[in-house]
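Both backbone and side-chain heavy atoms feed into the values below; hydrogens, waters and symmetry mates do not. Here is the naming used below: chain letters follow the sequence lines, and residue numbers restart at 1 for every chain.
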Amino acid sequence: MAISIEDVEHVARLARLKLTEEEKETYRRQLSDVLEHARKISEVDTSDVPPTSHTLPLRNVFREDSLRPSLSVKEATGSAAWAVEGAFKVPRII
Amino acid sequence: MKIIEKDALSIAGLIKGREISALEVTRVFLERIDKVEKKVKAYINVAAELALSRAKEVDMELADGVEAGVFGGVPIAVKDVLTTRGFPTTCGSKMLEGFVPVYDATVVERIGRAGTVMLGKANMDEFAMGSSTENSYFGPTMNPWDLERVPGGSSGGSAAAVAAGEAPWALGSDTGGSIRQPAALCGIVGLKPTYGLVSRYGLVAFASSLDQVGPMTRTVRDCAALLGVIAGYDPMDSTSIPGELPDYVGALTGEVKGLKAGVVRELSSEGIDTGVRERFGETVSLLEKLGVACEEVSLPSFAHGLSAYYIIAPAEASSNLARFDGVRYGYRAPGESEDVWEMYDRTRAEGFGGEVKRRIMLGTYALSAGYYDAYYAQAQKIRTLIVRDFGRAWDEYDVLVSPTSPSTAFKLGEKVDDPLTMYLSDICTIPVNLAGIPALSLPCGLSDGLPVGFQVMGPPLEEPKVLNVAYALEQAIGFDARPEL
Amino acid sequence: MEYETIIGLEIHAELSTESKMFCGCSASFGGGPNTKTCPVCLGHPGSLPVTNMKAIEYTMMLALALNCEITPRSVFHRKNYFYPDMPKNFQISQYDIPLSTDGHLDADMNDYVRKVGITRVHIEEDTGKSIHIGESGRIHGAEYSLEDFNRAGIPLAEIVTEPDIRSAEEARAFMQLLRATLEYLGISDCKMEEGSLRCDANISVAVDGKLGTKVEIKNMNSFRSLFRALSYEEERQRFALEQGGGLIQETRHWDDAEGKTHPLRSKEEAFDYRYFPEPDLVPIEPDPEWVDRLRENLPELPQARFHRFMEQFGLARDIASMLTGEKALADYFERAVETGQGPEELAKWIAGDLSAMLREAVVPIQHCPVAPRGLGELVALVNQKVISGKMAKEVLREAFETGKGPQRIVDEKGLSQIADAHELEVVVDEVIAENPGAADDMRTGKEQALKFMMGQVMKKTRGKANPEVASRLLKQKLIGRE
Ligand SMILES: [Zn+2]
């Protein structure tokens, strides 16, 4: 399963990672290797097999609609690289 | 026997019996850390001051006749993937360098309530992704048995700390073998509990459907005791199993006669180093001598475990790690960014290490349009087959056994440039996570002076049985070798 | 060529639970930035979601009200995309197995009924809010943005309709009915302006039955803008087709000030949400008894009430529709009916003068200074001919402004006396005709004669004539001045 540089660029864009040309090539090669290995699973006949996303027999786990204390604004924004007046500041969106 | 060589329950007994104070114990361990940490590098952050003041508190409570928790004054190392309120939690990543959580993980709260004293946060592969602890942004941890070798991973810091006497026990986390493989490589006991038995609240997620927190200890008894502290329902974790807990320590009778054990062919023959295979074979014989009927069993779906895992875990990780974007906490790329998208791209490129980026890329690819069915959906179906194979095995056997790791500790740098070879280190441990069952690694001897791990797997919530089989073996093996530092 | 407009709606309604969808922070509107946040709704490392049962219950109530099937086993999915208002850079939502599917809601269009299929009703979490700082305050040209996560994690019901709507009028009527339904259920604030009810639309124009290019319209923040935006877009698309021009599948933004839609350019154009089952949450398998209990306890819904108002009270279609469009208005009406006065007259007063006064004063019906009993009193005064219809309007205004009861106003102002000039004029003319001598005396300035004439007027009206008005009329008629 060889993947192309374009595939790598598309995935990096979805994952929001800026990659150097060198990294793109490295990941292209390494991802191809791993996916080649992983491709073996497609040979297994699973036509009647349901997927498992959870091994737990749990269902309907809910909490009551009641309030719990929120953080103070200082705690909420204290770890942010850039915050002003209680809000998180980010560069322009468009 | 020196304090640093004792197991945690013995130390707890000494403190309770007022033979030694919590403060003295903590000092002894901090001194040990001072002495060997340069060589081992088991910790990312040592919480010396915090530990001393906590130990003093415990002593004061004891002096007042207050029950200072079941393990009052016993030190502990905590893998740096668990949030600690007011104390840095880095996950071994530049992304979280200096990050101070605003809340305690449920397990951190529980070990605190039990009276333990946290010595510091143990090193780990970045975001728990790795099998050697070489992927830590803060540098690798060395295996106390051979400082040129890796301690395993991703809970390598926790394993090395316990092996090196830098903590009597530790908490680790296990997504594909991250507790058991380093336990095996460092010659200690490590348990990955049933998925849902231990709360994940405050465990920084790698692959949410696979992650579990577990004990890493010197003895099986300590392991049972620490599990008793951290296990149990937590309303903050929707995947936490409700119900009463069994007495894990009480289950350690050593009586295993009449049990049946299956030796998993797919995990114990091909690709397993000779030395490991030898120790494993000897241990199986020992198990038979204890009255456990052992026979080989084939679980064919396990052949695809590794492939399924390296689709599912990165897929979940790609989503779990999306939150690290430089907005609310953690690293943010310095300098002006043209717009928020550039800020994201740069922050994540600079903040994450190579292996994390590789897995994010892999997981994003596996979930993306056009590939989901071939990779992610198919991997989830393989997972069903693995669950079914285990289910069939439980009809026949009480426990399943295999080596924990195909090799003993490998050299630093040996596999770091070859992801696929590195991923193969997890081949014996991965099916357990995919099926959500409990499994324990127990030291079963040395091969060329390096520890070998023996894995005992059991049905969901059968930790008492797994622990008891391990306990019986532990007594029979009498493993008492220690690394020299 | 025959054109047909095809519209489908995607509606998001914030549910009025106490706490958020997955954490214990308050789900209320407003407050300083990030004052209602915690590790969970800020997406802090290690935090985990736990589902609010009330939010599930509210969503099921809505689904049942929209005649949907409740899915026996539904799951949450993660919708993955990066955006600064997303704390985790994924949204916990539902994907291929939503909470409910296959319902319908029938909008009354006066001369026909538009049955609108409901594809699905599911539950998800809301995002935070971005405030764009820069010259314009808009997203374009902003220098930076400020992120507030108070809204992040508020439970959101998403309602997706089939493309069954055929005009902007139908879309508006459907939305109004949906809003009323949410309001009757008491599960949402339904304020489009505050964003607790939001609507996006897919609109295309089919030519001779052949499906057209679908365009998505966003940013319609009121019923009015929904109507205007869809009307505009319908025209734009028809014009393009008539001119033989092509249309592209795109997302367009409604500019309310300009009255136009614009293509929405986004640098983040790579949309691939990579949905996968949320591993931190377990499936929802509602107990059938729970669903039955919710179904049984559903309140009377707007459509049922609309039909009942026509049948039970004999109301006209448009008045019944207007009254039932807002729960509080319909409640007001029914309480007024309890006074025993005629429903049609009461309805006319409510739909007419009273609504106009409420609109003018910007007062919701819940806080109307005239109680339903007061309105009943007013109608009774008119029916008993104590006051004229014209005077009743004034009494109602007085009651609205002062909060006094109509009877009290009539008493205090002496309005129950005959003060109506026209009514009295008839009596005065009769008295003059019947007493020509006294009338002549008055004309020659004999004061005594006025007293006599007044006495005659009072006698004829059994004392109810307003003396001032009566005396003024006599003077006008006999001496030409007041
Ligand atoms: Zn919150």
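Between A:R92 and B:V340 the shortest side-chain heavy-atom distance does not fall below 4.5 Å. For the pair B:R328/A:T77, no side-chain contact is recorded, criterion being any heavy-atom separation below 4.5 Å from C-beta on. B:L385 places a side-chain heavy atom less than 4.5 Å from the side chain of A:V49. Looking only at side-chain heavy atoms (C-beta outward), A:L35 and B:Y371 stay at 4.5 Å or farther from each other.
Only the side chain of A:R68 comes within less than 4.5 Å of a heavy atom in chain B; its backbone stays farther off. Contacts of B:Y423 with chain A are made by side-chain atoms alone, with heavy-atom separations under 4.5 Å and no backbone atom involved. Heavy atoms closer than 4.5 Å to chain A are found nowhere in B:I386, neither backbone nor side chain. Proximity to chain A (any heavy atom under 4.5 Å) is shown, for B:A322, by neither the backbone nor the side chain. Looking at B:T239, both its backbone and its side chain come within 4.5 Å of chain A, counting heavy atoms on both sides. Interface remark: B:L362 contributes backbone and side-chain atoms alike to the contact with chain A (heavy atom separation under 4.5 Å). Looking at B:A366, neither its backbone nor its side chain comes within 4.5 Å of chain A, counting heavy atoms on both sides. Using a 4.5 Å cut-off between heavy atoms, B:V327 contacts chain A through both its backbone and its side chain. For a residue to count as touching a neighbouring chain, one of its non-hydrogen atoms must lie under 4.5 Å from one of that chain's; by this rule B:Y331 does not touch chain A. Heavy atoms closer than 4.5 Å to chain A are found in both the backbone and the side chain of B:Y344. Of the atoms belonging to B:P235, not a single heavy atom falls under 4.5 Å from chain A. Of the two parts of B:D417, only the backbone, made up of N, CA, C and O, holds a non-hydrogen atom closer than 4.5 Å to a non-hydrogen atom of chain A.
Checking side-chain atoms of B:Q378 against main-chain N and O of A:E43 turns up no donor-acceptor pair under 3.5 Å. Within the 3.5 Å criterion, the main-chain N or O of B:K381 finds no donor-acceptor partner in the side chain of A:T46. Counting only distance, with no hydrogens or angles, the side chain of B:T364 and the backbone of A:V11 share no donor-acceptor pair below 3.5 Å. A distance-only check finds no donor-acceptor pair linking the side chain of A:Q30 to the backbone of B:R358 [under 3.5 Å].
If you tally non-hydrogen atom pairs under 4.5 Å between each of A:T26, A:V61, A:V34, A:L17 and chain B, the highest count goes to A:L17. In terms of heavy-atom pairs under 4.5 Å with chain B, the best-connected choice from A:T20, A:L56, A:L71 is A:L56.
Taking both residues in full, the closest heavy atoms of B:W341 and A:I93 are given as NE1-O, 2.8 Å, listed atom of the first, atom of the second, then distance. In this structure, B:R332 and A:P91 approach most closely via the heavy-atom pair NH2-CD, 3.2 Å. Here the closest non-hydrogen pair linking A:A81 and B:G326 is CB-O, 4.3 Å. Minimum interatomic distance between A:D48 and B:R388 (heavy atoms only, all atoms of both residues): O-NH2, 4.4 Å. Among all heavy-atom pairs drawn from A:L58 and B:S240, the shortest one is CD1-O, 3.5 Å. Here the closest non-hydrogen pair linking A:I41 and B:S307 is CG2-CB, 3.4 Å.
Of the residues B:R346, B:R348, B:M343, the one that meets the side chain to side chain contact (heavy atoms under 4.5 Å, CB included) test with A:R16 is B:R348.
Note that OG of A:S42 is 9.0 Å distant from CD1 of B:I382, once rounded to the nearest 0.5 Å. Put simply, OG on B:S238 and CZ on A:R59 are 15.0 Å apart, with the number rounded to the nearest 0.5 Å. The CD1 atom of B:I311 lies 12.0 Å from the CZ atom of A:R39; values are rounded to the nearest 0.5 Å.
More than 12 non-hydrogen atoms from other residues, nucleotides or ligands lie less than 6.0 angstrom from CD of A:E9. Around the CD atom of A:E25, the shell of radius 6.0 Å holds more than 12 heavy atoms that belong to other residues, nucleotides or ligands.
Electrostatic pairing of A:E75 and B:R85 counts as a salt bridge here, judged by a charged N lying under 4.0 Å from a carboxylate O. A salt bridge is defined here as a Lys NZ or Arg NE, NH1 or NH2 lying under 4.0 Å from an Asp or Glu carboxylate O, and A:K18 with B:E350 fails to meet this definition.
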Exercise. How far apart are the C-alpha atoms of B:S368 and A:L14, what are their side-chain angles, what is the distance that settles it, and do they pass the side-chain contact (heavy atoms from CB on, under 4.5 Å) test?
Worked result: CA-CA 9 Å; B:S368 65; A:L14 288 173; 4.2 Å; yes
